[in-house]
Amino acid sequence: MSRPYDFKKIEDKWRDFWKEQKFFEPDLKSTGKKLYYLNMFPYPSGEMHVGHGRNWLIGDATCRYLIMNGFTVLNPMGFDAFGLPAENAAIDRGIHPKEWTYKNIENFKKQFREWGVVFDWRRELATCDPGYYKWNQWLFIQFYKRELAYRKASLVNWCPGCDTVLANEQVVDGACERCQSEVTKKDLTQWFFKITDYAQELLDDLDKLQHWPERVKIMQRNWIGRSEGALLRFKVEGASEEIEVFTTRPDTLYGATFMVLAPEHPLVERVTTADRKKDVGTYVKKAQSESDIKRQITDRDKTGEFLGAYIINPANGEKIPIWIADYVLLGYGTGAIMAVPAHDQRDFEFARKFDLPVVPVIQPEGEALDGATMAEAYPHDGVMINSGEFNGLPAGPETINKMVDSFEKEGYGKSEVNYRLRDWLISRQRYWGTPIPMVHCAKCGIVPVPEEDLPVLLPDVEFLGKKGLAEIPDFYETDCPKCGSPARRDTDTMDTFVDSSWYFMRYLSQDDDQKIFDSSQVNSWLPVDQYVGGIEHAILHLLYARFVTKAMRDMKLVKFDEPFIRLFTQGMITHVAFRCKEHGWIPPQDVKEKNLCPHDGQPLIQELAKMSKSKKNTIAPTKIIEEYGTDTERLYTLFMGPPEREIEWNDEGIRGGFRFLNRLWTIVQKYKDRLKNVTPAKIDGEKLNKRDKQLWHVMNEKTYAITKDFKKFHFNTSVAAVMEFNNELYDYSAACDAESHELNAPLLKQAIEQLILLVSPITPFIAEELWREIGHENAVLEESWPGYDESALERDEKTIVIQVNGKLRAQLLVPANIATDKAELEKRALQQVESRLEGKTVRKVIVVPGKLVNFVVG
RNA sequence: GCGAGAGUGGCGGAAUUGGCAGACGCGCUAGAUUUAGGAUCUAGUGUCGCAAGGCGUGUGGGUUCGAGUCCCUCCUCUCGCACCA
């Protein structure tokens with residue numbers, strides 16, 4: 001009996017099936033081929049859109065494919081549940097962040113179910129659960145004991161919008177990554193993780209990550225920013241102070257004609273002479289009040305002030321002036337530079353502006369540079385001049401080494417490696433995060449909370465507004481764990497990137513309340529075989545996770561150096577967004593008249609942006625699922641384009657996906673009864689007639705192509721191949737209907753079954769239903785992934801392209817054995833194009849066996 | 001400025017050890033069927049041309065029998081970094 005494709009009924013029927021059958025709940029002790037597949041866990045915020053869907057569908061389709069290939073697949077899911085947005089959203093809505101978060105988690109789980117995306121839910125975790133953050137605290141204490149966690153006062157990034165400190169990584173173009181407020185500086189005492197201890201290893205091990213996208217590695221390399229050079233010490237004239245500078249060009253020391261300190265440099269105050277104090281003070285103040293955004297504009301005029309003091313160039317004893325300027329950054333190197341205007345463009349511009357001397361110390365062979373008339377710095381190679389005993393040496397690494405050795409002997413320099421990477425600031429002054437498990441005691445100083453007293457619970461207070469732990473006395477009033485006298489808890493919470501830097505290990509022991517995780521199990525399943533997530537985490541999350549993994553290795557918790565073997569970064573889905581100057585962001589579906597605001601008819605600003613709630617340009621999967629079904633939404637999302645590429649959402653093509661599923665459904669309905677009792681038989685391609693053989697070829701070719709594409713995440717082309725396979729079945733069916741061909745039942749049965757299995761990871765609902773329709777009682781996931789017959793990949797007849805002077809002129813269909821016979825091919829090809837060659841001389845004939853014949857004529 | 005990636009029909013995109021450009025899908029055109037069509041089926045659909053044929057993968061050049069693919073030049077776009085000493 002033929003049935004219509006009632007996707008709603010079908011999808012409701014199977015929605016809980018895979019979970020109930022525990023296909024995604026592997027036995028961790030399994031001895032078979034095992035594979036840890038992991039999607040970056042989500043931040044549970046309201047509703048997921050089709051862009052999120054892409055991420056989960058890549059994972060779900062891959063895991064279903066892997067299961068059918070006999071892997072024991074671990075594919076867990078959890079929630080990155082702490083963080084500012086929860087708090088801000090909670091403030092807006094007047095409910096507790098906890099309530100809001102758990103409601104969202106429930107909603108996410110509902111959406112996963114709707115999508116047919118299945119995980120090992122036994123391992124679910126949420127970072128805001130005390131059972132999780134207890135181990136965050138435990139880890140913090142271990143870091144503290146190993147001096148990987150420390151507290152220091154520093155000038156930190158402060159976001160006035162979020163009322164908290166930010167890590168360097170969270171400041172983008174001088175603005176808060178989250179709320180876009182302009183970031184200011186504050187002098188605060190904060191907790192840091194000593195990621196710089198691992199800078200070199202984090203850099204070196206990037207080379208081990210052969211299956212990571214090159215661009216992610218490049219970004220990390222730039223972020224770590226290693227540079228080699230020297231540390232040089234200068235004495236302030238007439239004072240005891242010394243100032244150190246870092247330079248990558250110690251060979252230009254003789255050309256240093258002034259020194260520049262960052263305005264915030266601690267020695268500025270002490271070094272400045274009395275008569276310069278006023279001007280310098282004004283400049284420092286101005287520099288501090290200026291935002292990083294302004295200071296980072298590279299092409300603006302150089303500004304600065306002379307401190308009135310001088311410093312001695314240790315190489316030649318010359319007295320050179322000390323300046324401050326905002327082009328020198330406190331955070332890099334020592335916050336001070338030796339300025340060599342002849343060979344550094346920035347110093348050159350500064351020298352010209354303030355009329356400071358320019359002394360070349362390297363010049364191109366056979367050319368004399370004149371510091372007084374140079375138009376720009378000379379940053380290239382050449383011969384050393386004006387450099388005392390080093391004159392005449394070729395500028396380059398060898399001379400640098402020689403000079404640094406000499407400086408070291410003289411006692412004012414040494415070679416040095418400097419990193420741009422700075423320690424990870426993890427303190428946050430908000431409520432919804434992991435409390436830092438430390439107690440401040442007047443007598444004992446900083447004392448860690450004893451491990452048996454963990455977790456330090458977040459106080460369960462009514463959540464009224466922006467409120468940090470520092471405003472909750474019930475929380476911070478405590479006794480010192482060491483001496484028992486009244487003390488104060490640390491009121492900072494941890495950056496949520498701490499939570500996400502090791503969650504992939506906790507999945508293995510998510511309910512263990514005795515230890516952070518079972519090391520032997522973690523060592524047997526990790527590193528993660530395949531990690532998938534957005535490119536936006538290229539630096540932050542991935543660098544922190546790598547660091548924490550290395551620290552854990554040194555703590556003997558794990559045995560591996562890197563957490564993620566393979567990384568795949570999927571592209572975001574973008575959608576048009578409209579903004580009205582008056583009315584803010586306007587949902588695209590409300591914009592009826594092109595580019596005009598529906599409220600006041602004013603022209604709108606249009607942009608293509610990543611789907612986000614704030615820009616009101618999200619597309620909910622719900623509507624599509626209601627109208628066309630989950631399978632269509634899944635298929636279309638994966639069909640739209642290559643998953644690593646960013647893509648603009650456009651639902652005009654969605655009908656094509658729906659049409660295909662209807663065609664698949666219809667053809668199976670047509671033959672299911674006829675094929676039910678056909679006994680499967682091994683198909684021998686050689687014995688097939690021509691039409692059957694064509695189907696046999698296509699079946700095997702498509703199976704081969706789809707399998708190859710799945711391995712490379714090329715779902716768009718595997719969907720195309722599945723469609724082609726289906727189209728071939730229609731052709732075959734039409735041939736049978738026309739009575740020109742007798743149906744080969746065992747062959748057709750195999751083809752239909754194979755097609756269903758091949759499409760099943762992408763559209764699991766219809767596949768499961770059709771599988772039963774054609775008479776099977778087991779689940780698709782219990783079946784093996786279809787194999788292909790190697791011999792079917794070669795056709796008996798080959799199309800040979802015939803070219804004249806490289807242009808296609810004819811085609812030739814020849815048996816395979818002829819296709820490889822060069823002489824015969826040439827003979828046959830010549831017959832085809834003889835008339836064209838008349839009166840022309842054939843100079844050369846190129847014959848590529850199995851492919852083409854090209855006549856070169858003149 | 002530096003680094004990475006991309007540029008192919010009306011649209012999303014296929015094709016990479018150099019060998020039929022435009023698979024698959026959308027859209028469009030025509031026809032069939034239908035009371036109807038945002039349904040289904042069939043055929044067509046890069047472009048110019050009645051045709052033969054010409055032209056076509058951002059630009060210009062090169063290598064080659066043959067280039068979307070390799071090399072050089074330039075242009076445009078996207079992303080990352082950016083006064084890092």
Enquirer: By nearest atom, which of the nucleotides B:G19, B:C24, B:A39 is closest to the A:M723 side chain?
Expert: B:C24
Enquirer: State whether the distance check finds a donor on one side and an acceptor on the other, under 3.5 Å, for side chain A:K302 versus base B:C83.
Expert: yes
Enquirer: Measure from the side-chain heavy atoms of A:I846 and tell me the nearest of B:G19, B:C20, B:G13.
Expert: B:G19
Enquirer: With heavy atoms under 4.0 Å as the rule, sort A:R221 into base, sugar-phosphate or nothing.
Expert: nothing
Enquirer: Would you kindly compare A:I218 and A:D731 by the position of their nearest RNA chain B nucleotide and give the one closer to the 5′ end?
Expert: A:I218
Enquirer: Which base sits across from B:A36 as a Watson-Crick or G-U pair, both distances under 3.5 Å?
Expert: none
Enquirer: By the 4.0 Å heavy-atom rule, please label A:R420 as base, sugar-phosphate, or nothing.
Expert: base
Enquirer: From CD of A:E724 over to P of B:G22, roughly how many Å is that when rounded to an integer?
Expert: 13 Å
Enquirer: To check you understand the geometry: which heavy-atom pair defines the closest contact between A:V361 and A:S387, and what is its length?
Expert: CB-OG, 3.6 Å
Enquirer: Taking A:E701 first and then A:R795, would you say they form a salt bridge - that is, a charged N and a carboxylate O separated by under 4.0 Å?
Expert: yes
Enquirer: Using a heavy-atom cut-off of 4.0 Å across all strands, would you classify A:E214 as base, sugar-phosphate, or nothing?
Expert: nothing
Enquirer: Say you pick atom C1' in B:G25 and the same atom in B:U69; how far apart are they, in whole Å?
Expert: 24 Å
Enquirer: Is the centre of the A:F258 ring less than 6.0 Å from the centre of the A:F354 ring?
Expert: no
Enquirer: Roughly how many Å apart are B:G18 and B:U64, using the C1' atom of each and rounding to a whole number?
Expert: 9 Å
Enquirer: Tell me if the side-chain of A:E652 makes a donor-acceptor pair with the base of B:G12, cut-off 3.5 Å, by modelled atom types.
Expert: no
Enquirer: Report yes if at least one side-chain N or O of A:R645 is closer than 4.0 Å to OP1 or OP2 of B:G12; otherwise report no.
Expert: no
Enquirer: My understanding is that a pair needs two contacts under 3.5 Å, Watson-Crick or G-U wobble. By that rule, which nucleotide pairs with B:U69?
Expert: none
Enquirer: Between B:A14 and A:N716, is there an OP1 or OP2 to side-chain N/O distance shorter than 4.0 Å?
Expert: yes
Enquirer: Using a heavy-atom cut-off of 4.0 Å across all strands, would you classify A:D347 as base, sugar-phosphate, or nothing?
Expert: nothing
Enquirer: What contact category does A:R659 fall into here, base, sugar-phosphate, or nothing, at under 4.0 angstrom with non-hydrogen atoms?
Expert: sugar-phosphate
Enquirer: When the distance from CG of A:N854 to C1' of B:G66 is rounded to whole Å, what number comes out?
Expert: 6 Å
Enquirer: With a 4.0 Å cut-off on N to O distance, would you call A:K623 and A:D651 a salt bridge?
Expert: no
Enquirer: Starting from P on B:C24, measure out to OH on A:Y636 and report it in whole angstrom.
Expert: 18 Å
Enquirer: Whole Å only: how far is the CG atom of A:D651 from the P atom of B:G27?
Expert: 12 Å
Enquirer: State, with a plain yes or no, whether a side-chain heavy atom of A:T666 is found less than 4.5 Å away from one of A:Y730.
Expert: yes
Enquirer: Taking only the side-chain heavy atoms of A:A720 (C-beta and beyond), determine which of B:G13, B:C83, B:C24 contains the nearest atom.
Expert: B:C24
Enquirer: Tell me the interatomic distance from A:N727, atom CG, to B:G25, atom C1', rounded to whole angstroms.
Expert: 10 Å
Enquirer: Heavy atoms only, 4.0 Å cut-off, all strands: where does A:Q803 land among base, sugar-phosphate and nothing?
Expert: base
Enquirer: Indicate, with a heavy-atom threshold strictly under 4.0 Å, whether A:I654 touches base, sugar-phosphate, or nothing.
Expert: nothing
Enquirer: Are A:N222 and A:R420 linked by a side-chain donor-acceptor pair shorter than 3.5 Å?
Expert: no
Enquirer: Rounding to an integer number of Å, can you tell me how far A:L540 CG sits from B:G80 P?
Expert: 12 Å
Enquirer: Counting the atoms with a prime plus P, OP1 and OP2 as sugar-phosphate, which does A:R663 contact under 4.0 Å by heavy atoms, base, sugar-phosphate, or nothing?
Expert: sugar-phosphate
Enquirer: Answer yes or no: does a side-chain N or O of A:N222 lie under 4.0 Å from OP1 or OP2 of B:C2?
Expert: no
Enquirer: Expressed as a whole number of angstroms, how long is the span from A:E648:CD to B:G13:C1'?
Expert: 14 Å
Enquirer: Heavy atoms, side chains only, cut-off 4.5 Å: are A:F658 and A:N662 in contact?
Expert: yes
Enquirer: Of the nucleotides B:G12, B:A85, B:A39, which one has an atom closest to the side chain of A:R655?
Expert: B:A39
Enquirer: Between A:R249 and A:V856, which has a closest nucleotide on RNA chain B that is more 5'?
Expert: A:V856
